[in-house]
Amino acid sequence: MSGADLLGFEIRPNPKPATDEERAAILADPGFGKTFTDHMVTIKWTEGIGWHSATVQPYGPLSLSPATAVLHYAQEIFEGMKAYHAADGGVTLFRARENARRFVESARRMAMPEMPEELFLESLEQLVGIDRKWIPGDAETSLYLRPFMFASEAFLGVRPAKEYLYCVIASPAAAYFKAGPKPISVWVSEEYTRAAPGGTGAAKCGGNYATSLLPQAEAIERGCEQVVFLDAVHRKYVDELGGMNVFFVYDADRTVVTPELGTILPGITRDAVATLARDFGYEFVERAYSIDEWRADAADGTLTEVFACGTAAVITPIGMAKGRNGDIEVGGGKAGELTMRLRQALLDVQHGTGPDRHGWITRVA
Ligand SMILES: *Cc1c(COP(=O)(O)O)cnc(C)c1O
């Protein structure tokens, strides 16, 4: 049963959309996640009925009972991707089907209904189609799409809810780094972990973020931009950052190492970086990577570059890791050459300024 075949979308255009002047002012300096487009998509799921009531409607507040299950037990998942202006004026998405698949995996882990991939993709196309004027046109800018789903049943008993609300909202996004990427420092959290084996580390759920906020605040206190988590069992293998996967470059060996999947989020950017690194003639290795290795190999210079990646920031060089056992500087604290090559290659595919060799781009409008 494909939800997309069963569901027609009811379109209720916003009677008071932003004026051209208002939108232009926002697009001139959108920041990240602060302003939203004229519309949103909502789709309901009810036990015994399935997916229904797909609607494109004016962006605006939701009305919820104080007993809504998500507010108490955090049954919630989300996705994040970007819509881009193609060189010919069309609109494109980057590997959106991968997001649709991951949304299904996240739903399964959180005992939520699985949204058919086609319905997920259709919801994105509906929103991007009606709000396409909101896609910024400048280099490295995009329209950030945030699909999410939560337990909307008003019920305090502890069991999977019988009603869910799926939404998609969209927010214009500036270039993450206005003056090009500056290497960040990361704080190695020894006290807190983000995910244990058997937990929810591989699901894109809000709960993972809730528990990362305190260590993230600690990172800021220590003068770092981001926190890096170690594994929950041995407390020594690198997992990932709060919302980005991490890579280690050994230039003499032409090897790129990244932590294996399991307790980390299977990033779509991570997967793309693996492919691009191979295209560049690097061996891509997924394995447990310890903080001791990071420290020793940075000290003797065999570890040449470290970077993080994710949809929001694309690729970010990491110049320094700070922790209880002292600082680890990599590559003189500067952005590495492979890091910058990978970043440019990825941006070129996403923005249509380079060839799409792997079929990652789909046209939606
Ligand atoms: C979303 C996310 C990432 C990055 O995934 P992409 O698909 O590359 O955007 C990495 N880590 C966590 C915890 C995330 O939630």
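Order of appearance sets the numbers: ligands from 1, and atoms from 1 within every ligand.
Below 30°, between 30° and 60°, or above 60°: for F150 and F148 the angle between ring planes is below 30°, a parallel geometry.
Within 4.0 Å of ligand 1, protein heavy atoms come from R102, R194, K204, Y209, E240, G242, G243, M244, N245, L265, G267, I268, T269, G310, T311.
Under the 3.5 Å distance criterion, with hydrogens and angles disregarded, a donor-acceptor pair is assigned to the side chains of Q75 and Y164. In the model, S189 has no side-chain atom that pairs as donor or acceptor with a side-chain atom of E218 under 3.5 Å. Side-chain polar atoms of T37 and D131 form a donor-acceptor pair below 3.5 angstrom. Side-chain contact of Y59 with N14: a donor-acceptor pair under 3.5 Å is absent, judged by distance alone.
F247 is linked by a ring pair (Phe, Tyr, Trp, His ring centres under 6.0 Å) to F307, counting only residues two or more places apart in sequence or in another chain.
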